[in-house]
Amino acid sequence: MAQSVGIKDVARAAGVSVGTVSNVINRPDTVASETRARVLSAIDRLGYVRSESARQLRAGRSRIMGLLVLDMGNPFFVDVARGAERAARDAGLGVMVCNSAQNPGEEAEYLSLFAEQRVRGVLLTPADATGRNIDAFRRHNIPFVLVDRVAEGATECSVSVDDVAGGALAVRHLVDAGHRSIAYVSGPPGLNQVRDRRTGALHALAEAGLGPDHLRELPTERLDVAAGRDAGARLLGLADRPTAVFCANDLLALGVLQAMYAAGVNVPDDLALVGYDDIEFAAAAAVPLTSVRQPAVTMGALAAGLLLEETEADSATRPHEHRRVVLQPELVVRRSSLPGR
């Protein structure tokens with residue numbers, strides 16, 4: 001195995017001190033141009049790459065930000081990552097993206113990994129409804145920002161969308177179209193987002209003078225297309241099938257759409273359908289999907305910005321104040337929920 005090239009090798013090849021090589025790398029303006037050119041030539045010739053981990057240990061600061069999301073198979077979280085990565089890059093940082101797969105055990109393992117790596121901070125969409133993973137992570141004194149979830153206390157920042165308002169937008173739209181029997185394909189009940197969207201749906205029904213019995217919930221273990229197909233199959237088996245479906249995210253809605261198509265059920269003539277997130281595939285579906293849009297890229301960028309503010313704050317002269325940023329959703333109406341023409 002080839003031995004790695006170190007800073008001493010560069011100094012020897014360039015005929016300078018180790019300190020001069022360090023200055024060329026970190027403070028090039030302090031080194032004479034001829035000496036700087038000689039050192040850079042040696043670096044290029046030897047293929048030297050500085051050890052970022054060693055530099056971080058000396059400086060006591062990492063240039064890596066952690067991002068832990070529920071499902072990187074969901075384009076919504078890909079967009080969140082894009083926004084976070086853009087903001088981090090502008091600040092000279094990188095992002096380590098990890099996927100908990102909606103599993104609290106995997107979430108705990110990744111949070112431990114972030115602590116071991118001493119990342120600058122973490123952007124987190126929690127999978128553990130109990131909060132135990134977050135409580136354990138707090139002991140490491142690494143700043144974190146909650147993404148797609150509202151912080152319940154004043155000990156961390158959060159960036160989220162008003163999911164109660166989003167759920168109300170979806171069901172109000174269906175009620176206005178004349179639907180009185182609506183199914184909610186909800187996803188795992190332990191997720192705050194799932195519960196908040198259901199609360200919003202019930203609010204919209206109450207506004208129309210309709211009780212909670214007008215909303216039939218079909219929970220799923222996951223928030224993906226396969227779970228949506230399974231919910232669609234259960235929906236087809238109901239004797240008094242609802243005339244409309246609101247899904248907790250677009251992947252579930254696309255799965256329901258597939259199940260309806262396979263069974264010969266026409267969307268929207270036989271069944272109106274509304275999703276949530278407005279991922280790119282929503283508009284490109286066989287029947288373009290009505291969806292509640294979340295500004296995912298903006299959420300990621302704002303969360304990264306809050307984390308950077310916290311890590312740059314000085315507790316003595318410029319203390320950081322935790323903030324809860326709540327963005328507003330938007331209903332995007334497409335063919336899947338419109339009455340027949």
Side-chain angles (χ1 to χ4, degrees), residues 65-71 74 76-77 79-81 83-84 87-88 91 93 95-100 102-104 106-108 110-112 114-115 119-168 187-200 223 248-249 276-277 292 294-315 318-329:
M65 179 186 298
L67 170 63
L68 181 56
V69 299
L70 292 178
D71 181 12
N74 186 339
F76 167 75
F77 288 111
D79 286 343
V80 169
L93 304 181
V95 178
M96 180 192 299
V97 181
C98 297
N99 176 27
S100 72
Q102 303 172 40
N103 185 312
E106 293 189 29
E107 176 182 82
Y110 278 123
L111 288 174
S112 293
F114 289 152
V119 296
R120 176 75 64 94
V122 174
L123 307 179
L124 170 65
T125 303
D128 178 22
T130 70
R132 284 192 291 265
N133 286 342
I134 291 178
D135 289 341
F137 187 68
R138 281 196 181 96
R139 295 198 299 264
H140 300 290
N141 294 318
I142 297 175
F144 65 92
V145 174
L146 299 181
V147 183
D148 196 29
R149 175 171 164 182
V150 179
E152 296 178 358
T155 56
E156 61 269 337
C157 291
S158 66
V159 179
S160 62
V161 165
D162 188 341
D163 283 319
V164 174
L191 293 179
N192 287 26
Q193 300 91 324
V194 166
R195 294 197 300 268
D196 286 349
R197 291 165 198 178
R198 180 180 184 274
T199 297
L223 290 163
N249 77 357
Y276 205 104
D277 290 340
V292 178
Q294 297 199 85
V297 174
T298 300
M299 288 174 67
L302 287 174
L306 289 174
L307 188 60
L308 289 167
E309 283 181 19
E310 183 170 359
T311 60
E312 295 296 331
D314 186 319
S315 58
R318 191 163 49 100
H320 175 74
E321 294 185 6
H322 293 300
R323 285 184 284 155
R324 287 182 282 187
V325 178
V326 181
L327 305 174
Q328 290 304 306

Pairing residues for [X] by the side chain to side chain contact (heavy atoms under 4.5 Å, CB included) criterion, not counting sequence neighbours:
| X | value |
| --- | --- |
| Ala108 | Asn133 |
| Val297 | Asp79, Arg82, Arg86 |
| Thr298 | Pro295, Leu302, Leu327 |
| Phe137 | Leu111, Phe114, Ala115, Val122, His140, Ile142, Phe144 |

Less than 4.5 Å apart, side chain to side chain, heavy atoms only: is that true for [X] and [Y]?
| X | Y | value |
| --- | --- | --- |
| Ser160 | Leu146 | no |
| Asp277 | Asn74 | yes |
| Glu156 | Arg138 | yes |
| His320 | Cys157 | yes |
| Gln294 | Asp148 | yes |

Heavy-atom pair of closest approach, residues [X] and [Y]:
| X | Y | value |
| --- | --- | --- |
| Tyr276 | Ala248 | CB-O, 3.3 Å |
| His322 | Thr155 | NE2-O, 3.2 Å |
| Ala88 | Val95 | CB-CG2, 3.6 Å |
| Ala304 | Ala87 | CB-CB, 3.8 Å |
| Ser158 | Leu306 | O-CD1, 4.1 Å |

Identify, with sequence neighbours excluded, every residue that meets salt bridge (charged side-chain N to carboxylate O under 4.0 Å, His left out) alongside [X].
| X | result |
| --- | --- |
| Asp163 | Arg197 |
| Arg195 | none |
| Arg132 | none |
| Asp196 | none |

Please identify each residue that fulfils side chain to side chain donor-acceptor pair (under 3.5 Å) with [X], with sequence neighbours left out.
| X | value |
| --- | --- |
| Asn103 | none |
| Asn99 | none |
| Asp128 | Thr130 |
| Gln102 | none |

Find the distance between [atom1] ([X]) and [atom2] ([Y]) and round it off to the nearest 0.5 Å.
| X | Y | atom1 | atom2 | result |
| --- | --- | --- | --- | --- |
| Thr311 | Met65 | OG1 | CE | 7.0 Å |
| Leu68 | Leu123 | CG | CG | 10.0 Å |
| Asn249 | Phe76 | CG | CZ | 9.5 Å |
| Arg149 | Leu191 | CZ | CG | 9.5 Å |

Take Leu223 and Asp71, measure what side chain to side chain contact (heavy atoms under 4.5 Å, CB included) needs, and give me the verdict at the end.
-> CA-CA 9 Å; Leu223 290 163; Asp71 181 12; 5.8 Å; no
Using a strict 4.0 Å threshold on nitrogen-to-oxygen distance, state whether Glu312 and Arg120 make a salt bridge.
->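 The answer is yes: the pair qualifies as a salt bridge.
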Donor-acceptor contact present, side-chain Glu107 to main-chain Ala127, <3.5 Å =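 At least one qualifying donor-acceptor pair exists.
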